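Down below is the structure, laid out as structure tokens.
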Amino acid sequence: MSVRVRFAPSPTGFLHVGGARTALYNYLFARANSGTFVLRIEDTDAARSTDESVGAILDGLRWLGLTWDEGPGVGGAYGPYFQSARHTSYDRSVALLLASGHAYRCWCAPDELAARRAEQLEQGGEPRYDGRCRALPSVEHERRLASGAPYVVRFMLPEAGEVAWDDVVRGRVAFQSEVLDDFVLVRSDGLPTYNFACVVDDIEMAITHVIRGDDHISNTPRQLLLYRALGAGPPVFAHASMILGPDGKRLSKRHGATSVEAFGDLGIVPEGMVNFLALLGWAFDGQQELFALAELERVFRLERVNPNPAVFNTEKLEWVNAQHLKMLDAGERRRRLEAFLARRGVDLSTRPQQWRETFVRALGDRLRTLADAESYGAFALHEALRMEDDAWADLSQRDEAGPRLRSLASRLAADNEWSLASLETGTRELAAELGVKAGELIAMARVALTGRKVAPGIFDVMWLLGRDLAVARLLAAAERWDGRPED
Ligand code: GLU
């Protein structure tokens with residue numbers, strides 16, 4: 001039997017980290033087993049589901065590169081792939097369950113149920129439906145049905161017993177069915193509940209493995225009972241651990257960006273995000289940490305998903321991202337940086353090709369995120385210079401900085417060639433003439449030209465600025481140095 005897995009998001013928001021990891025594990029498991037990755041949109045909750053959210057989720061998956069084999073926009077033999085279009089399936093299944101005695105109609109009104117719940121809670125019990133409509137005399141049943149009074153359809157929980165499964169991630173998991181109750185399958189507005197629709201669809205879509213977050217573990221016993229009642233064999237279940245923030249609490253918006261898109265805005269590249277998400281609860285051999293998606297597709301094994309909570313570590317994300325940025329070839333890195341900066345309102349398209357290439361090369365391998373280019377490359381992106389305090393403190397106490405920067409300004413003003421080679425020769429010759437080490441002169445120039453103590457190579461910096469701006473900044477720094485307060 002070939003592997004069929006699904007990612008089944010409810011379209012009520014963005015694709016967040018937990019959902020993206022679930023999608024990734026399903027995708028990788030399908031690819032590693034030459035199986036099929038299905039995307040199903042669980043939009044039965046009409047009040048909370050939006051088209052916008054569907055769009056955001058699809059965009060998030062596409063951004064990560066997780067292509068689905070069946071689902072929205074692709075179709076497939078098991079569609080429709082939106083639950084809101086699958087009512088005939090749910091109607092058919094509920095009719096079967098009613099006919100076989102695995103389900104019954106319940107007319108208990110919401111306020112009665114609320115009162116009974118409150119009573120149960122007061123007596124210290126777990127609130128559970130008390131089965132009042134389970135065995136209505138058939139005359140009464142017919143009378144209520146004929147009256148048109150609203151009802152829900154409930155599952156008829158079987159006699160006490162254990163519901164258990166062998167979870168690929170967590171081993172054997174068992175629940176006593178007494179902890180469950182006659183849960184609702186179809187609401188009074190005719191809409192199916194999550195557990196019911198999910199099982200009907202997983203059966204009809206021939207899903208072989210259900211891989212999802214462990215927040216669904218408590219749903220699994222109900223779903224197993226439904227498989228049994230519908231006469232279907234259950235899939236294999238694998239519940240991935242929860243994702244915690246650095247403070248040990250479940251990852252949430254409080255921890256900052258959690259939607260995949262927001263990470264893109266922070267300058268994380270999809271390759272880095274995918275790699276990082278894969279490592280959130282999965283390991284290959286405990287050694288290798290850097291993977292391209294194509295490699296993950298080969299080596300991913302569900303058995304190596306860790307049952308312990310995974311901690312979301314932003315530093316690790318940035319480290320992984322940095323490695324992937326380094327692996328991009330020069331042209332691709334430039335394309336990504338330019339697109340990123342353009343979204344931030346910095347348009348490089350008007351600059352000559354050579355300038356753009358030099359800029360990206362000068363930033364080199366120091367970027368952890370694309371956004372770092374904004375700070376690390378700021379000196380070349382904006383006319384005005386932002387001088388960092390510690391950089392100025394450094395420059396202001398260097399001997400003779402004012403006159404020396406002025407000399408360098410004159411030297412650069414006279415450099416008609418303006419090439420990396422001429423800039424280097426000119427600077428080194430001047431240092432020798434002034435009797436200072438070239439490194440000392442360069443350290444001064446770096447602060448004067450970039451406003452920072454750490455910057456790209458100084459000759460790249462000069463070249464990128466161009467003569468006028470470089471000279472102007474050297475003179476401005478010299479002037480400020482002259483006017484610095486005496487200690
Ligand atoms: N719609 C559910 C969710 O977004 C799917 C759960 C499942 O995979 O069964 O959490």
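Keep in mind the model is a prediction, meaning the values are calculated, not measured. What's counted below: heavy atoms across the whole structure, side chains too, no hydrogens, waters or symmetry copies. One-based numbering, in listed order, for ligands and for the atoms of each.
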Does a side-chain N-to-carboxylate-O contact under 4.0 Å join [X] and [Y]?
X    : Y    : result
E119 : R116 : no
D365 : R333 : yes
E357 : R351 : no
R368 : E315 : no

Is there a nitrogen or oxygen of Q223 sitting under 3.5 Å from a nitrogen or oxygen of ligand 1? no

Under 3.5 Å between any N/O of A8 and any N/O of ligand 1: does that happen in this structure? yes

Taking the side chain as C-beta and beyond, is there a heavy-atom pair between L15 and L61 under 4.5 Å? yes

For [atom], which protein heavy atom lies nearest, and how many Å away is it?
atom                   : value
atom 1 (N) of ligand 1 : E42 OE1, 2.6 Å
atom 8 (O) of ligand 1 : R6 NH1, 2.7 Å
atom 9 (O) of ligand 1 : Y194 OH, 2.6 Å

Kindly assign one of parallel, tilted or perpendicular to the pair Y194 and H216, based on the angle between their ring planes and the thresholds 30° and 60°. tilted

Backbone, side chain, both or neither: what part of F7 comes under 4.0 angstrom of ligand 1, heavy atoms only? neither

Using a heavy-atom cut-off of under 4.0 Å, does the side chain or the backbone of S10 touch ligand 1, or both, or neither? both

Atoms of ligand 1 close to C198 [distance to a heavy atom under 4.0 angstrom, numbered from 1]: 9 (O)

Among H216, H239, R212, which one puts a heavy atom closest to atom 3 (C) of ligand 1? H216

Using modelled atom types and a 3.5 Å cut-off, is there a donor and acceptor pairing between side-chain atoms of W355 and backbone atoms of L464? yes

